[in-house]
Structure formats: C-alpha cells, structure tokens
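Taking it in order: structure first as structure tokens, then the write-up.
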Amino acid sequence: MQQASQQNSSYFPMGDQAILIVFSTEISESVHQRLLNFCDRIEKSDFGADVEVVPAYASVLIVYRSNEKSYSDRVSELKRLMGESDSDVFYEGETIEIPVCYGGAFGPDLDFVANHAQI
C-alpha cells in the first residue's frame, strides 16, 4: 500500500530552495493523516535538520536552507522517506471557535453591501 501512495505523490520544484509534494487531489482524513505522518518522519530524520516543513491538507511544502544537495538528490531522499511505513500515530484535530458578529456596530455597512449585491 505504501508503494502506491508514493507513486501517487507528485513532486514540484518551488523556486530554488523548495519542493512541493502533492499527496492527492482528494481531500480526505486518510490522506491528511498520511501527510502528517510523513512530515513527522521528515522532522525526525537527518533531512529535517535542514528544512522547514509546511503542511497543508493534501500537500506539503519543504523549504530547505542550503544548496549543498541538488534538487534531484533531495527528491530521492524524500521518496525514500515516503517509502518508509507510516507510524500508527493518529493526529486528532482541535476545534477552535471564532466568534463572528454581523450588522449593527460590527457591520455598519451591512445594509449598503446587501442592497448593492442584491441579497
């Protein structure tokens, strides 16, 4: 199964010091969990000492600080890490509630905008 996930991932150069890895065009909890486990492997490896890992939902940006290794060498190392088995760690999200207020003192232009947009 891990080989299939590696084959489905796409690697893209992002400037001269970053690599974008797209895990899937599908947004799902299983894809995101696989991505988080991969990020964890990167940060625990020797590769992680030289990079900043920026995860998104189905992709991760790897920004590296030095040009000691070529792009292809870095991609090869990332593919090797991708091929390692996923850990059993399940990352559980945290719900953060952000209160939002509309109209009145919090949106004095709400009526104008609603009329302008004809809604």
Problem - L61: side-chain contact (heavy atoms from CB on, under 4.5 Å) partners, not counting sequence neighbours - result: M14, A18, L20, V54, V63
Completion exercise
With sequence neighbours left out, the residues meeting side-chain contact (heavy atoms from CB on, under 4.5 Å) with D73 are K69, S70
Problem - Connected-component partners of V113 among ILVMFWY, side-chain separation under 4.5 Å - result: F112
Exercise for the section: Please name all residues satisfying side-chain contact (heavy atoms from CB on, under 4.5 Å) with I27, sequence neighbours left out, ordered by chain then number. Expected result: Y57
Practice task
Check for a donor-acceptor pair, side chain of S45 on one end and backbone N or O of I42 on the other, with a separation under 3.5 Å.
Solution key: yes
Practice task
Could you tell me which residues satisfy ring-ring contact (aromatic ring centres under 6.0 Å, His included) with Y71, sequence neighbours excluded, listed by chain and number?
Solution key: none
Handout entry: Set of residues satisfying side chain to side chain donor-acceptor pair (under 3.5 Å) with respect to Q17, sequence neighbours excluded
Key = none
Handout entry: Pair R80 + E77: basic N to acidic O under 4.0 Å
Key = yes
Handout entry: All pairs passing side chain to side chain donor-acceptor pair (under 3.5 Å) where residues 94-115 contributes a residue, at least two apart
Key = none
Fill in the blank from the handout: The remaining residues in the hydrophobic cluster of I98, counting side-chain heavy-atom contacts under 4.5 Å among Ile, Leu, Val, Met, Phe, Trp and Tyr, are I96
Exercise for the section: Tell me, please, which residues at least two apart from S28 pass side-chain contact (heavy atoms from CB on, under 4.5 Å). Expected result: E26, S30, V31
Exercise for the section: Could you tell me whether the side chain of N37 and the main chain of Q33 form a donor-acceptor pair under 3.5 Å? Expected result: yes
